[in-house]
Asks: 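Before I ask anything, let me first share the structure, which is written out below as structure tokens.
Computation of the quantities below employed the complete heavy-atom set of this structure, encompassing side-chain atoms and omitting hydrogens, waters and symmetry-equivalent molecules. Each chain gets a letter, A, B and so on, in the order the sequences are listed, and its residues count up from 1.
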Amino acid sequence: MKFATWNVNSLAVRLPQVLDWLAANPVDGLVLQETKLTDDKFPQADFEAAGWQVQFFGQKTYNGVALISRSPATDVVKNIPGFEDPQARVITGTVDGVRCIGAYFPNGQAPDSDKFVYKMAWLDALRSFVAAELQTHPNLLLMGDFNIAPDDRDVYDPVAWAGQIHCTPQERAHFQALIELPLCDTFRLFEQAPKSWSWWDYRNLAFRKNQGLRIDHILASAALQPRVKSCVIDRAPRKNERPSDHAPVWVELG
DNA sequence: ATGTCAGGGGGGCCCTGA
């Protein structure tokens, strides 16, 4: 089985690329972030025509998440129960016995901003939610755009980025707290090429210069970890015309 | 190089967010 995550930065723009990618990469489940669509605008019929089931949870202009799957997702939860939030950031469902949590973590903007305060509160709530989900669903994947580079080797210029958003000690402590639930960073279960990123800024020719961050992750529960066969960042869609700034990441389960 | 995108309001550019 394969499960994937992709921040598409507007599904209205990227729908053809997502359908092309799914055709070439027939995963069992795919979580999307930054769909930027209200639910009435979600292209449900386009996915269904291609043989996919969809669950979605969006809003106007910002955020928005979806869970695309071959088999229907069950026990779907939107956002974090008990955490009041006008922002649509989380969608959870069970696909073929795997609890899939797809999340668009807050960006945080800057460590001294209100948005960073929100990010910290959201991360606290997410950790509690994932801990509770693990109690009832031992086979669990937490996937998405974390907006956290967990380690200096996940940053193209760790000196320049030291203490900057995505790289602060507070954000990395939150990532570590998720690891201690426990969950494992599936990408690091395997030998990976150095300078492996999942996001490159649109500016500064960053993709051409391979200046990026690894901020999109797939974390697996302890029960699933022995079944993880590979974790791959697929850079190919970043070479498309009008690409998302993020690459999809997928994990294979045996 | 703050050098790019995307969405939206409101008009045909400018703002926010990333």
Asks: Apply salt bridge (Lys or Arg N to Asp or Glu O under 4.0 Å) to A/Arg172 and list each qualifying residue two or more places apart in sequence or on a separate chain.
Replies: A/Asp152
Asks: Does a nitrogen or oxygen in the side chain of A/Arg14 sit under 4.0 Å from OP1 or OP2 of B/dC5?
Replies: no
Asks: Without decimals, in angstroms, what is the distance between A/Glu241 CD and B/dA6 P?
Replies: 11 Å
Asks: According to the side chain to side chain donor-acceptor pair (under 3.5 Å) rule, which pairs have a member within residues 22-33 of chain A, sequence neighbours left out?
Replies: A/Thr5-A/Gln33
Asks: Base contacts versus sugar-phosphate-only contacts with protein, heavy atoms under 4.0 Å: please encode nucleotides 10-18 of chain B as B, S and - from 5' to 3'.
Replies: -------SB
Asks: If you find the nucleotide of DNA chain B closest to A/Thr35 and the one closest to A/Leu205, which residue's nucleotide is nearer the 5' end?
Replies: A/Leu205
Asks: Name all residues meeting the ring pair (Phe, Tyr, Trp, His ring centres under 6.0 Å) criterion together with A/Phe3; count only those two or more places apart in sequence or in a different chain, and write none if there are none.
Replies: none
Asks: Would you please classify the geometry between the A/Phe146 ring and the A/Phe105 ring as parallel, tilted or perpendicular, with 30° and 60° separating the classes?
Replies: parallel
Asks: Taking only residues two or more places apart in sequence, or in another chain, which ones meet A/Asp245 in a side chain to side chain donor-acceptor pair (under 3.5 Å)?
Replies: A/Trp199
Asks: Could you identify which residues cluster with A/Val27, counting Ile, Leu, Val, Met, Phe, Trp and Tyr as linked when any side-chain heavy atoms lie under 4.5 Å apart, either directly or through a chain of such contacts?
Replies: A/Trp6, A/Val8, A/Leu11, A/Leu15, A/Val18, A/Leu19, A/Trp21, A/Leu22, A/Leu30, A/Leu32, A/Leu37, A/Phe42, A/Phe47, A/Trp52, A/Val54, A/Phe56, A/Ile68, A/Val232, A/Trp250
Asks: If the C1' atom of B/dC15 is compared with that of B/dG10, how far apart are they to the nearest Å?
Replies: 11 Å
Asks: Determine: side-chain N/O of A/Lys41 to OP1/OP2 of B/dG7, distance under 4.0 Å, yes or no.
Replies: no
Asks: Using the C1' atom as the reference point in each nucleotide, state the distance between B/dG12 and B/dG7 in Å, no decimals.
Replies: 16 Å
Asks: Send over the distance from A/Gln59 CD to B/dG8 C1', rounded to a whole Å.
Replies: 14 Å
Asks: Closest to the A/Asn204 side chain: B/dA6, B/dG8, B/dT2?
Replies: B/dT2
Asks: Considering heavy-atom distances to DNA chain B, does A/Ser10 or A/Lys209 have its closest nucleotide positioned more toward the 5' end?
Replies: A/Lys209
